[in-house]
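Side-chain atoms are counted along with the backbone in the values below, which use heavy atoms only and exclude waters and symmetry mates.
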Amino acid sequence: MKNYLLLVFVVVLFGCKNENSNTNTITIEAVTKALTADEIINKSIEVSGGEKFKKSSLKFEFRDVYYQALRKNHEFLLVRILVKDNDSIFDMLSNVGFERYDNKDFVKLEDSIAKKYEASVNSVHYFSVLPYGLNDEAVNKALLGSEQIKGKDYYKIKVTFSAEGGGEDHEDIFIYWINKQSFKLDYFAYSYNEGKEIGMRFREAYNERYVNELRFVDYNNYKAKDAKFTLENLGKVFENNQLELLSKIELKNIEVQLVDN
């Protein structure tokens, strides 16, 4: 895929540069006062790569589909590339909206279909770089207190989205568990309502690695065995082994370049 003219042009446009990869070594200061939800999320973003996310080019594969995310200050371009035989479909979401190309030809889509593809592209990119993105203007955060999972202490934060700027899935609700020692995001859960399908998911991070100073993880993706469980108690439900492993969320062949100012 690296030889596609379109992607080469995009990378040159954003002025990417390589930097040596190394493990993030940020030291967390001892917390001597109660932290707000915003402060906790800010610390979590910091130990996951911080401001570098705002000036980065990411490439990865997820379930045999190619993705690229380009961010430079307040500009962004999120790409999904579907390859079948000799054809390639480019789905591109940027500050100016969503576009689809069949090879190099623009594809005109009905608004309802375009919104569906846009949400699908945005979802994969959103989950791939958590907790980055949790400071967007449409995000509403509330600290629910503390909770212990598997002997470790966590801040428990609820996230909702405003209708304006929150995307098609703005009614989804998220719970994030941020480790009190490392400030890393170890678990999160969310509820969703997609037409006739309503449900909840719980994700457990594993396989942590830093690529060019940015943190990435994979997830075990669980669903509840019993409809009586609520979103906010899924942490305890997980600890009690009452969740069913549904799938694994694995990012492969991750590449990171940092972008010039």
>> With a 3.5 Å distance limit and no angle check, can you tell me whether Asn122 reaches the backbone of Glu118 through a side-chain donor-acceptor pair?
In response: no
>> Looking at Asp85 and Asp87, would you say the former's side chain and the latter's main chain have a donor-acceptor pair under 3.5 Å?
In response: no
> Parallel under 30°, tilted from 30 to 60°, perpendicular over 60°: which one fits the rings of Tyr132 and Phe53?
Replying inline: parallel
>> Are Tyr176 and Phe174, when compared by the centres of their aromatic rings, separated by less than 6.0 Å?
In response: yes
> Just by distance, with hydrogens left out, do Tyr101 and Glu99 show a side-chain donor and acceptor under 3.5 Å apart?
Replying inline: yes
>> Applying ring-ring contact (aromatic ring centres under 6.0 Å, His included) as the test, list every pair that has at least one member in residues 229-251; sequence neighbours left out.
In response: Tyr187-Phe238, Phe202-Phe238, Tyr222-Phe238
> Under the criterion side-chain contact (heavy atoms from CB on, under 4.5 Å), which of Leu258, Val259, Val256 is the partner of Lys52?
Replying inline: Leu258
>> Closer than 4.0 angstrom, basic N to acidic O: yes or no for Asp153 and Lys180?
In response: no
> Is a side-chain donor-acceptor pair under 3.5 Å present for Tyr192 with Arg201?
Replying inline: yes
> Cluster question for you: counting only ILVMFWY and a side-chain heavy-atom cut-off of under 4.5 Å, with indirect links fine, are Ile175 and Leu246 together?
Replying inline: no
>> Glu39: which residues meet the salt bridge (charged side-chain N to carboxylate O under 4.0 Å, His left out) condition with it, sequence neighbours left out?
In response: Lys33
> Taking NZ, NE, NH1 and NH2 as the nitrogens, is one of them in Lys156 or Glu147 under 4.0 Å from a carboxylate oxygen of the other?
Replying inline: yes
> So, Phe188 versus Phe127, ring centres under 6.0 angstrom or not?
Replying inline: yes
> Salt bridge check: are Lys141 and Asp38 linked by an N-O gap of less than 4.0 Å?
Replying inline: yes
